Novice: 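Supplied in structure tokens, the structure appears directly below.
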Amino acid sequence: MPSSGFPKPSRPLPTRDGITARSKRGAIGEHWWSQRFIAHLETFNVESRLKRGRTYARGGQVLELDVEPGVVLAKVQGSRYTPYKVRLRCQVISDAEWRRVEKAMAAQALPLAQLLAGEMPRDIDELFAACKVSLFPRTTRDLTATCTCPDWENPCKHIAAGYYLLAERFDDDPFLIFAWRGREQDELLAGLRRLRSAAVSGSERQHPRAVPAPEPSSATFWTAGPEAAEVRVNPLATDAPDALLRQLGPLAVDVEGEPLWDVLARAYPRLAAAATQRALSE
């Protein structure tokens, strides 16, 4: 049979100690944040090219994968003896932008508690967007990838394999996403705790604790006295109706499959608003 004129597709050399994707079929990425990362990549109109890397990711062809601020470095074994070098560069979020994002995180009780508990808040994208910043790469300007292989298409299968295994790394540790964008976990959490402490201290200065009253006398216990005329009642809710809940932190109790902390975090502001409305109407 005559040759078609096209070179035969090359097969990668087998590896022994490569990084093997846990997913054996279908999509790669277990949690919503890693799936969202892949979904953002697919908006670059490279979905068909990305799929070429699944076989490499599942076959253990990626030998190394290191995440650093602004860049992911990988070595991928192809058909040649020397592994190809892959670089996935992402624009680092500036310090000024991180400060805006951290203030927004610290101002919201539920996202703050989830982050301090090592979890990724589901509305993290919206929180970053409100600060005019994107956590995940939005355009090709935010993300550039290079490979030393001769394939002119981008992403090649070696780059695509790196993307998929990076998504699984995000599954294991969502804080790697922040590290890739320029904020290590320890630095981020320390900043959030510092902002939270400052907010609590400020609230205590605005609402100082009452001075303990003297021991009551049996002779005057049931007498209001002239001081009652000076009492002023403020029916308005405080700036932080869930302050006690924040200090308690996440509770290891579920209500119909949902963490009790999440339920109370939504309920406290609503109860405070309802009490304020009732007090004012009276």
Side-chain angles (χ1 to χ4, degrees), residues 23 26-47 50 65 67-72 88-145 155 159-160 162-196 199 242 246 250 257-259 261-263 265-266 269:
S23 168
I28 292 181
E30 298 175 8
H31 297 292
W32 67 264
W33 55 83
S34 56
Q35 295 170 359
R36 188 170 298 178
F37 167 65
I38 295 296
H40 275 263
L41 296 179
E42 291 173 351
T43 63
F44 300 165
N45 297 321
V46 296
E47 182 177 2
L50 282 174
L65 187 77
V67 181
E68 300 176 4
V71 63
V72 174
L88 311 177
R89 294 188 179 276
C90 186
Q91 186 175 2
V92 172
I93 297 174
S94 69
D95 287 339
E97 291 171 331
W98 269 116
R99 285 194 292 270
R100 290 205 309 268
V101 171
E102 288 171 353
K103 287 182 179 179
M105 289 177 176
Q108 298 188 29
L110 182 55
L112 174 62
Q114 290 176 319
L115 286 166
L116 292 177
E119 302 173 4
M120 178 70 82
R122 273 200 169 271
D123 59 350
I124 193 70
D125 259 355
E126 292 78 3
L127 192 150
F128 270 72
C131 300
K132 298 182 179 180
V133 184
S134 175
L135 175 60
F136 299 98
R138 290 181 300 181
T139 67
T140 53
R141 290 180 299 177
D142 297 330
L143 179 63
T144 58
I159 291 174
Y163 283 143
Y164 282 123
L165 286 181
L166 180 59
E168 287 203 339
R169 284 285 182 88
F170 291 159
D171 273 331
D172 297 333
D173 182 7
F175 281 89
L176 274 181
I177 304 174
F178 299 125
W180 193 27
R181 301 308 302 274
R183 261 302 184 269
E184 295 290 344
Q185 178 177 357
D186 292 344
E187 183 181 5
L188 175 62
L189 295 184
L192 292 177
R193 291 191 179 99
R194 185 169 55 252
L195 290 169
R196 182 183 65 169
D242 59 345
R246 296 189 196 183
E258 184 177 6
W261 204 101
D262 296 359
V263 176
R266 295 195 303 268

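For clarity, every value in this text was computed on a predicted model and none was experimentally measured. All values below come from the heavy atoms of this structure, side chains included, with hydrogens, waters and symmetry mates left out. The chain is numbered in sequence order, starting from 1.
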Novice: Could you measure the distance from the CZ atom of Arg193 to the CG atom of Leu188? Nearest 0.5 Å is fine.
Specialist: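 Between Arg193 CZ and Leu188 CG, I get 9.5 Å after rounding to 0.5 Å.
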
Novice: Run the numbers on Ile38 and Tyr164 for side chain to side chain contact (heavy atoms under 4.5 Å, CB included), then give the verdict.
Specialist: CA-CA 8 Å; Ile38 295 296; Tyr164 282 123; 3.9 Å; yes

Novice: Atom CZ of Arg169 and atom CG of Leu65: how far apart are they, to the nearest 0.5 Å?
Specialist: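 So the gap between those two atoms works out to 4.5 Å.
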
Novice: Check the pair Leu143, Phe44 against side chain to side chain contact (heavy atoms under 4.5 Å, CB included), reporting the backbone distance first and the verdict last.
Specialist: CA-CA 10 Å; Leu143 179 63; Phe44 300 165; 4.2 Å; yes

Novice: Within a strict 4.5 Å, meaning less than it, do heavy atoms of the Leu127 and Pro111 side chains meet?
Specialist: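 Side-chain contact under 4.5 Å: yes.
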
Novice: Locate the shortest heavy-atom distance separating Phe128 from Ser134; write the atom from each residue and the value.
Specialist: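 Smallest heavy-atom distance, with atoms named: CD2-C, 4.2 Å.
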
Novice: To the closest 0.5 Å, what do you measure between CG (Asp171) and CE (Met120)?
Specialist: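 Atom-to-atom, Asp171:CG and Met120:CE are 11.0 Å apart.
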
Novice: Of Leu135, Asp125, Asp142, which meets side chain to side chain contact (heavy atoms under 4.5 Å, CB included) against His40?
Specialist: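 Per the side chain to side chain contact (heavy atoms under 4.5 Å, CB included) rule, the option paired with His40 is Asp125, out of Leu135, Asp125, Asp142.
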
Novice: Check the pair Phe178, Val101 against side chain to side chain contact (heavy atoms under 4.5 Å, CB included), reporting the backbone distance first and the verdict last.
Specialist: CA-CA 11 Å; Phe178 299 125; Val101 171; over 6 Å; no

Novice: Going through the distances and angles, do Arg183 and Ile93 end up as a side chain to side chain contact (heavy atoms under 4.5 Å, CB included)?
Specialist: CA-CA 8 Å; Arg183 261 302 184 269; Ile93 297 174; over 6 Å; no

Novice: Can you find a heavy atom in the side chain of Glu168 that is under 4.5 Å from one in the side chain of Ser34?
Specialist: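 Sidechains of Ser34 and Glu168: no contact.
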
Novice: Please find the pair of heavy atoms, one from Pro155 and one from Ala160, that lie closest to each other, and give the distance.
Specialist: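 Heavy-atom minimum between the residues: CB-N, 4.2 Å.
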
Novice: What's the shortest heavy-atom distance between Phe175 and Leu115, and which atoms?
Specialist: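 Looking at all heavy atoms of both residues, the shortest contact is CZ-O, 3.4 Å.
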
Novice: Quick one: pull up CG in Leu176 and CD in Glu184 and give me the separation to the nearest 0.5 Å.
Specialist: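 Answer rounded to 0.5 Å: 8.5 Å.
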
Novice: Arg122 and Arg36: which non-hydrogen atoms are nearest, and at how many Å?
Specialist: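 What the structure gives for the nearest pair is O-NH1, 3.8 Å.
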
Novice: Say whether, by atom type as modelled, one donor and one acceptor occur between the side chain of Gln35 and the main chain of Glu30 under 3.5 angstrom.
Specialist: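 Judged by distance alone, yes, a pair lies under 3.5 Å.
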
Novice: Are any non-hydrogen side-chain atoms of Pro174 and Glu119 less than 4.5 angstrom apart?
Specialist: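 The answer is no; the side chains never approach within 4.5 Å.
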
Novice: In Å, rounded to the nearest 0.5 Å, how long is the span from CG of Leu192 to CD of Glu187?
Specialist: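 Spacing of CG (Leu192) from CD (Glu187) equals 10.5 Å.
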
Novice: At their closest point, which heavy atom of Ala145 faces which heavy atom of Leu88, and how far apart are they?
Specialist: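 Ala145 and Leu88 have their closest heavy atoms at CB-CD2, 3.7 Å.
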
Novice: Is there side-chain contact between Ile124 and Met105, with heavy atoms separated by less than 4.5 Å?
Specialist: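 Counting from C-beta outward, Ile124 and Met105 do come under 4.5 Å.
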
Novice: So, for Gly182 and Trp98, which heavy atoms are closest and what is the spacing to 0.1 Å?
Specialist: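 So the minimum-distance heavy-atom pair works out to C-NE1, 3.9 Å.
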
Novice: Working to the nearest 0.5 angstrom, can you tell me the gap between Leu166 CG and Phe37 CZ?
Specialist: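 So the gap between those two atoms works out to 4.5 Å.
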
